[in-house]
Amino acid sequence: MKVARVLISAEEIEAKLAEMGSAITKDYEGRDLLLIGILKGAFVVLADLSRHIKLPVETDFMAVSSYHGGTHSSGVVRITKDLDQEIEGRNVLIVEDIIDTGHTLKYLLRTLAVRKPATLSLAALLIKDDVERPHFDIQYEGFHIPNEFVVGYGLDFDEKYRNLPYIGVMDTDSTTSPTDVQDGFGLAD
Ligand code: IMP
Ligand code: MG
């Protein structure tokens with residue numbers, strides 16, 4: 001297993017988040033807005049995206065788990081950390097790193113809708129194409145990517161690589177021994 005190549009560069013991500021941020025600024029001007037980052041993956045996206053939103057937003061986090069290591073979704077989702085505040089009557093924007101099978105999102109949207117927010121919208125940096133999943137309205141979309149396992153910019157493989165500044169593709173066919181593993185940090189330069 002190794003980080004094989006850069007799929008989306010740090011510069012491309014930055015430009016996309018600036019675009020998404022100005023769209024959000026325009027749409028929520030004069031209204032209250034609560035950003036909800038879904039941990040752990042969204043911590044990097046939320047940090048960078050929120051700084052492109054020129055409004056006095058509030059932020060909160062929720063942690064759910066649907067993965068137990070490895071590269072495949074288990075389909076089982078549970079809340080491991082709930083929000084610190086009530087969302088009834090608030091404009092809520094969920095910030096996600098990636099939408100893959102949609103299991104996490106389906107569960108989150110259902111769970112949060114019950115709490116009666118005034119509005120509930122969605123921003124996702126990455127959307128995997130060619131994956132069968134329920135339809136979601138995604139108000140703020142980053143990049144559509146092929147159905148490959150990616151790391152970096154908050155996304156992990158076995159809890160590592162979240163701090164890569166770009167989105168990289170893992171080489172899952174690799175039979176490299178642990179000593180050969182390429183950590184991906186040299187790839188961006
Ligand atoms: P979903 O429930 O299958 O849509 O995926 C939910 C979570 O799985 C995401 O928020 C990520 O944390 C993780 N995930 C999905 N695809 C990838 C990937 O390609 N790389 C790393 N994590 C992923
Ligand atoms: Mg993960």
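Quick caveat, the model's predicted, so the values are computed rather than measured. Remember, it's 1-based here, ligands and their atoms both numbered in the order they're listed.
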So if I count the atoms of ligand 1 from 1 in the order they appear, which ones are less than 4.0 Å from some heavy atom of Asp156? 21 (C)

Winner among Ile167, Leu105, Leu39, Ile98 once heavy atoms are compared against atom 11 (C) of ligand 1: Ile98

Lys128 and ligand 1 - part of the residue with a heavy-atom distance under 4.0 Å: side chain

Give the atoms of ligand 1, by number and element, whose distance to some non-hydrogen atom of Glu148 is under 4.0 Å. 19 (O)

Under 3.5 Å, N or O to N or O, is Val150 touching ligand 1 that way? yes

For Asp97, the ligand 1 atoms with a heavy-atom partner under 4.0 Å come out as 9 (C), 10 (O), 11 (C), 12 (O)

Just by modelled atom types, is the Lys116 backbone N or O under 3.5 Å from a matching donor or acceptor in the Glu88 side chain? no

Is it the side chain (CB and beyond), the backbone, both or neither of Thr101 that lies under 4.0 Å from ligand 1, heavy atoms counted? both

Suppose I only count heavy atoms of His103 and a 4.0 Å limit; which atoms of ligand 1 are within that range? 2 (O)

Which ligand 1 atoms are under 4.0 Å away from a heavy-atom of Thr104? 1 (P), 2 (O), 5 (O), 6 (C)

Please state whether Met170 comes within less than 4.0 angstrom of ligand 1, counting heavy atoms only. no

Sequence neighbours excluded, every pair satisfying salt bridge (Lys or Arg N to Asp or Glu O under 4.0 Å) that has a member inside residues 131-155: Arg5-Glu148

Measure the CZ-CZ distance between Phe149 and Phe157 for me, rounded to the nearest 0.5 Å. 7.0 Å

Salt bridge or not between Asp156 and Lys40? Use side-chain N to carboxylate O under 4.0 Å. no

Can you find an N/O atom of Gly102 closer than 3.5 Å to an N/O atom of ligand 1? yes

Answer yes or no: is there an ion pair linking Arg162 with Glu159, defined by an N-O contact shorter than 4.0 Å? yes

Given 3.5 Å as the limit, does a donor-acceptor pair link the side chain of Glu12 with the main chain of Ser9, or not? yes

Residue pairs, two or more places apart or on separate chains, that pass side-chain hydrogen bond (donor to acceptor under 3.5 Å, both in side chains) and touch residues 14-25: Glu14-His52

Go through the steps for Lys54 and Glu29 under the test salt bridge (Lys or Arg N to Asp or Glu O under 4.0 Å), then give the verdict. CA-CA 9 Å; Lys54 308 300 178 195; Glu29 192 117 53; over 6 Å; no

